[in-house]
Structures are given as C-alpha cells and as structure tokens.
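These notes concern the structure reproduced below.
In what follows, every chain begins at residue 1, and chains take the letters A, B, ... in the order their sequences are listed. The figures that follow rest on heavy atoms only: side chains count, while hydrogens, waters and symmetry mates do not.
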2 protein chains.
Amino acid sequence: MERPLLERIRERGWRVTPQRRAIAGAFDGDHVDLTALDVHRRAAAVLPEVSLATVYNTLNELVQAGELREVDVLPGPCRYDPNVGPEPHHHVWCTTCGSLFDVRPTGLAGLAVPAAQRHGVEVADVQVLFRGTCRDCTLH
Amino acid sequence: MERPLLERIRERGWRVTPQRRAIAGAFDGDHVDLTALDVHRRAAAVLPEVSLATVYNTLNELVQAGELREVDVLPGPCRYDPNVGPEPHHHVWCTTCGSLFDVRPTGLAGLAVPAAQRHGVEVADVQVLFRGTCRDCTLH
DNA sequence: GTATATGCAAAGCATTTGCATTAAA
DNA sequence: TTTAATGCAAATGCTTTGCATATAC
C-alpha cells in the first residue's frame, strides 16, 4: 500500500491546488484502477468545476513523474493505478462488467520466452492479465 | 499456422470481393498482428481504392466470425491476429518501436491467482505480455 | 435480379493542445 | 510578483455508422 498521492505531490514541490487535491483524493481508499472519466467523476463530486482537461493533464504529469502507472492491457479507455511499488503487478479482469483488480499471482518466476521466439527482443518486464467473470456477473 | 483467411471467407459462403481478397491478403506470410491502418496500407498496395471503412467493417466481421482475434493488450490502436487456434497465445512487444510478436512461453501452467485475491472472479483465460526492447531499437 | 458489400462523409469517443485567465507560492 | 496551473474550446486519432451506389452471386 502506497502513501497518499497528495503527499507525494507535495513532496515533489508541486503546487497544491484544489484540483490536484480532488484528483489525488479520487485514488484514496482501496486502490482500484480508475479511468480518466472515473477520476473526473470522483473529483467533481468534491470540486464540481474541475475540468476534464485538467484531469488528463494531471494524470499525465503523475505518470511521467512515476507516481501513477498506466494500465493499458485491456480494451477501452486507459486506467491509472496509484500502486507504483517496485514489484510489477498484474490484474484480474471481469470481461463482462469491466471490473479490474490488482493481483499478485504465483508461478511468475517460472514464466519465460524461449530464446528462439524472442525475435531479438530483450525482455524487461512481464504483465499478466487473468480474464474471467465475476460473481455478480455470473448471477446476472 | 492457419489456413489462409481468404479460404476461410469462401468456406463461410461470404461473397468474395476484390476488397476482401486484398484485406485477407494483408495477413498472408508470417502472421504479425496488424493494426487496421497496417491492413489498409497493405490492402491498398494491391487495390488502391479500398476504403478504410471497409477495412474496419471487414475486420469486425471476421472478429465476430471468430476468424481473427483482437489483440488489445497494449497502448495504441487495436491489432488483429489471424492465428485463432485453440491454444491462447501471448506476445512479446518492443515498447520503443511497437513491434509485436506471437510467443508460446514456458511455465504458463504454473501461473495462478491465490483464491484470496480473486475478488470473486472465475478465471477463464490468461494473457501474458512480455515487454522489452528489440535489437534494432537497442542499436538506435 | 436481389441481397450484400462498398465508399463516402459525418459522427462518436478518448485524449491532447493552444492560449488567455487565474491563483499558488 | 512571478511562475505555474486551470479551463475552455478546438483539434487529433481511432473507430463506427447511415445511406446511397455498385456488384457478386
């Protein structure tokens, strides 16, 4: 679990504006991965005037600063994940409702690409996506 | 390795038009995963009048028919993969130039999500993405 | 001949950008 | 007071759609 985003913004010496407070606040609690629209919806609940452009700009700045991770492993809009710890992490996704959860799978260490299939790519990183159906969607 | 797309179109009783011939032809050879624009570029090399809308429409029809697989595991436009065999497959991706290759990793069988982390999702499927840098990009 | 595929141009999202205005420090 | 952040509205990139025209069967 990470330190709150707002604290990390402050530590970077960035200006603390009401918008940034609202945007950072959107990630408080159980850190789900949010779309820009999710973030805007949550931020606007606290600060109705916050603009979508500012949400996008701020999310991008945070990604560039390494304080958010872009999760772009599934169809639809990009998601943002405040959990940027050292160990890469992975996801479980309900293909029906789109719910997305962080997960730390077992057996990662055994994964490898046979050299003959690497096409000259030096592998730096692995991302695993488990797809399935969540209980709510199974029950209709 | 799959049978040529055009043959599969014919077998479905679909009309064989010059456009469909050109679009199917784009996937001949080593089956890279192509974007719609890639397909359009290749198809237009053979049939200059083919429209991008037709490329999109045709790709979607082929996806719905199960003759193409959408690969939507990375940023940027969706890619289409003519290799729709039973075994799910995985990808190696150069994060610099965007090259994408199919891969059959070892160690897949050992991958699992601890029950406590499943958030009620019944896992049906796994997709693995290896990210790295290809030789060309490393050498500049 | 008839059903189906095509092309165009317009519309739809998600996202980015330019620039004048506002506000944090 | 200065520098940086915001909001707007317009632009972008990818993809879809409606509809009249063309064409495979």
Side-chain angles (χ1 to χ4, degrees), chain A residues 5-26 33-44 46-65 67-80 98 100, chain B residues 5-26 33-44 46-65 67-80 98 100:
Chain A
L5 257 186
L6 186 60
E7 245 175 70
R8 299 191 254 151
I9 286 174
R10 219 187 293 272
E11 276 163 20
R12 287 187 170 267
W14 292 9
R15 292 191 181 170
V16 175
T17 63
Q19 289 83 347
R20 286 181 172 167
R21 237 190 311 270
I23 290 166
D33 300 328
L34 305 170
T35 65
L37 245 49
D38 291 336
V39 174
H40 184 244
R41 196 176 315 115
R42 290 183 181 208
V46 164
L47 185 79
E49 328 83 84
V50 68
S51 82
L52 189 49
T54 294
V55 168
Y56 274 108
N57 290 160
T58 306
L59 292 175
N60 283 338
E61 287 157 12
L62 288 167
V63 166
Q64 261 147 25
E67 299 291 3
L68 283 180
R69 190 186 303 234
E70 286 192 277
V71 179
D72 216 339
V73 292
L74 33 98
C78 174
R79 317 229 180 176
Y80 297 87
L100 185 67
Chain B
L5 256 185
L6 187 60
E7 245 177 69
R8 300 192 254 151
I9 286 174
R10 221 187 291 272
E11 275 163 20
R12 288 187 171 267
W14 292 11
R15 292 191 180 172
V16 176
T17 64
Q19 289 82 347
R20 285 181 174 166
R21 237 190 310 270
I23 290 166
D33 300 327
L34 305 170
T35 65
L37 244 50
D38 292 335
V39 174
H40 184 244
R41 196 176 315 115
R42 292 184 180 207
V46 164
L47 186 78
E49 328 83 84
V50 67
S51 82
L52 189 51
T54 295
V55 168
Y56 274 110
N57 290 159
T58 307
L59 292 175
N60 284 337
E61 287 156 13
L62 288 166
V63 167
Q64 262 146 25
E67 299 289 5
L68 283 181
R69 191 186 301 236
E70 286 191 278
V71 179
D72 216 340
V73 293
L74 32 99
C78 174
R79 318 229 179 177
Y80 298 87
L100 186 66

Subject >> Rounded interatomic separation in angstrom, taking CG from B/L59 and P from D/dC14 >> reply: 15 Å

Subject >> Nucleotide C/dA14, atom P - distance to CZ of A/R79 in whole Å >> reply: 12 Å

Original post:
Rounded to whole angstrom units, what separation is found between the CD1 atom of B/I9 and the C1' atom of D/dC25?
Top reply: 16 Å

Subject >> Between CD1 on residue B/I9 and CG on residue B/L62, distance to nearest 0.5 Å >> reply: 5.0 Å

**OP:** Identify, with sequence neighbours excluded, every residue that meets side-chain hydrogen bond (donor to acceptor under 3.5 Å, both in side chains) alongside A/R41.
**Re:** A/D38

Subject >> Spacing of B/H40 atom NE2 relative to C/dG7 atom P, expressed in whole Å >> reply: 8 Å

Original post:
Would you find a donor on one side and an acceptor on the other, under 3.5 Å apart, between the side chain of A/R79 and the backbone of A/D72?
Top reply: no

Original post:
Could you give the CZ-to-C1' distance, from A/R41 to C/dA14, as a whole number of Å?
Top reply: 14 Å

Original post:
In Å and rounded to the nearest 0.5 Å, what is the OG1 to CD1 distance from A/T54 to A/I23?
Top reply: 6.5 Å

Subject >> Side chain to side chain, A/V55 and A/Y80, heavy atoms closer than 4.5 Å >> reply: no

**OP:** Could you tell me whether the phosphate oxygens of C/dT16, OP1 or OP2, come under 4.0 Å of any side-chain nitrogen or oxygen in A/N60?
**Re:** yes

Subject >> Residue-phosphate contact under 4.0 Å: B/Y56 side-chain N/O, D/dT16 OP1/OP2 >> reply: no

Original post:
What distance do A/Y56 atom OH and A/E61 atom CD have between them, rounded to the nearest 0.5 Å?
Top reply: 15.0 Å

Under 3.5 Å, which N/O atoms of the protein pair with N/O atoms of nucleotides 1-8 of chain D?
residue: D/dT3; atom: O2; partner: A/R15; partner atom: NH1; Å: 3.0
residue: D/dT3; atom: O2; partner: A/R15; partner atom: NH2; Å: 2.7
residue: D/dA4; atom: O4'; partner: A/R15; partner atom: NH1; Å: 3.1
residue: D/dA4; atom: O4'; partner: A/R15; partner atom: NH2; Å: 3.1
residue: D/dA5; atom: OP1; partner: A/R20; partner atom: NH1; Å: 3.2
residue: D/dA5; atom: OP1; partner: A/R20; partner atom: NH2; Å: 3.0
residue: D/dT6; atom: OP1; partner: A/T17; partner atom: OG1; Å: 2.7
residue: D/dT6; atom: O3'; partner: A/Q19; partner atom: NE2; Å: 2.8
residue: D/dG7; atom: OP1; partner: A/Q19; partner atom: NE2; Å: 3.1
residue: D/dG7; atom: OP1; partner: A/E49; partner atom: O; Å: 3.1
residue: D/dG7; atom: OP2; partner: A/S51; partner atom: N; Å: 3.1
residue: D/dG7; atom: OP2; partner: A/S51; partner atom: OG; Å: 3.4
residue: D/dG7; atom: OP2; partner: A/T54; partner atom: OG1; Å: 2.9

**OP:** Would you mind reading off the distance between A/R12 atom CZ and C/dA25 atom C1', rounded to a whole angstrom?
**Re:** 19 Å

